[in-house]
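This structure is a prediction, so every number in the text was calculated from the model and none was measured.
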Amino acid sequence: MFQGAIALSLDAKGRLAIPARHRDALVPDGAPLVITAHPHKCLLVYPLSAWEPIRERIAAMPGFDPRTSAFKRLLVGFAQEEGLDAAGRVLLAGSLRQWAQLEKQVWLVGQGAHFELWSDAGWQAQQEAMLALTGDALPPGFESLAL
């Protein structure tokens, strides 16, 4: 279960050091992880085993609907399988860094079965948007949640 928000830095080559406490779960037995684009202009980081059923569901969707095709192109088209190097770093493809507007400072945000990877500006905007929702009704399913 991936949780928490961690501020990290990309190196000059576009590599991200995965925190040691998440490596075994993210890349079990040296399996690659999968990084893909998300419509909210962040990246999704999945263990391969968690990504595969999602990819199969996406691939099975009909391709004649323009919206479906657009999501397939985004989610499957950008998907990259990457391994960690000996230092626990993963190279982020330039196309993915460009999509999410990643620069040096990034945020790795746990979402249960996967991580989101945000630019610093993107993550700050998400936090501001969340604070702006405090006066609105809770989203469906959260009404009975006790914290």
Do [X] and [Y] sit in the same hydrophobic cluster, where Ile, Leu, Val, Met, Phe, Trp and Tyr count as joined when their side-chain heavy atoms come under 4.5 Å apart?
X: Leu10; Y: Ile18; answer: yes
X: Leu44; Y: Leu96; answer: no
X: Leu108; Y: Leu33; answer: yes
X: Leu117; Y: Ile6; answer: yes
X: Leu48; Y: Leu75; answer: yes

**Request:** If a pair satisfies ring-ring contact (aromatic ring centres under 6.0 Å, His included) and one of its residues is in residues 54-102, list it, with sequence neighbours excluded.
**Result:**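 Listed by first then second residue: Phe78-Trp99.
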Could you tell me which non-hydrogen atom of [X] sits nearest to which non-hydrogen atom of [Y], and how far apart they are?
X: Leu43; Y: Ala100; value: CG-CB, 3.8 Å
X: Gln101; Y: Ser119; value: O-CB, 3.3 Å
X: Ala113; Y: Pro47; value: O-CD, 3.5 Å
X: Pro62; Y: Lys72; value: C-NZ, 4.4 Å
X: Pro53; Y: Ser49; value: CD-O, 3.2 Å

**Request:** Using the test salt bridge (charged side-chain N to carboxylate O under 4.0 Å, His left out), find all partners of Arg67 that sit at least two apart in sequence or belong to another chain.
**Result:**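 Arg67 satisfies salt bridge (charged side-chain N to carboxylate O under 4.0 Å, His left out) with Asp65 once adjacent residues are dropped.
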**Item:** Residue list, salt bridge (charged side-chain N to carboxylate O under 4.0 Å, His left out) with Arg15, at least two apart or on another chain
**Value:**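 Listed in chain order: Asp11.
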**Message:** With salt bridge (Lys or Arg N to Asp or Glu O under 4.0 Å) as the rule and sequence neighbours excluded, what pairs involving residues 92-104 come up?
**Reply:**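 Of all non-adjacent pairs touching residues 92-104, none passes salt bridge (Lys or Arg N to Asp or Glu O under 4.0 Å).
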Looking at residues at least two apart in the chain, or sitting in another chain, which of them share a side-chain hydrogen bond (donor to acceptor under 3.5 Å, both in side chains) with [X]?
X: Gln127; result: none
X: Ser95; result: none
X: Arg55; result: none

**Prompt:** Mind checking who shares a hydrophobic cluster with Val109, ILVMFWY linked at side-chain heavy-atom distances under 4.5 Å?
**Reply:**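 Members besides Val109, by chain and number: Trp107, Trp118, Trp123.
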**Asked** If you look only at pairs with a residue in residues 75-89, which of them pass as a side-chain hydrogen bond (donor to acceptor under 3.5 Å, both in side chains), with sequence neighbours excluded?
**Response**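 Found Asp85-Arg89.
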If I take atom [atom1] from residue [X] and atom [atom2] from residue [Y], how far apart are they, to the nearest 0.5 angstrom?
X: Met1; Y: His114; atom1: CE; atom2: NE2; answer: 11.0 Å
X: Gln126; Y: Met130; atom1: CD; atom2: CE; answer: 9.5 Å
X: Ser9; Y: Asp120; atom1: OG; atom2: CG; answer: 9.5 Å
X: Glu128; Y: Leu131; atom1: CD; atom2: CG; answer: 8.0 Å

Applying side chain to side chain contact (heavy atoms under 4.5 Å, CB included), can you list everything that pairs with [X], at least two apart in sequence or on another chain?
X: Arg73; answer: Ser69
X: Ala79; answer: Val34, Thr36, Trp51
X: Ala25; answer: Phe2

**Asked** So, His38 side chain and His40 main chain: donor-acceptor pair closer than 3.5 Å or not?
**Response**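 Side chain of His38 to backbone of His40, a donor-acceptor pair under 3.5 Å: yes, one is there.
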**Gln98 atom CD: more than 12 heavy-atom contacts under 6.0 Å** =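 Not buried by this count: 12 neighbours or fewer within 6.0 Å.
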**Message:** Measuring only between side-chain heavy atoms, which start at C-beta, is Pro39 closer than 4.5 Å to Leu74?
**Reply:**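 They are in side-chain contact.
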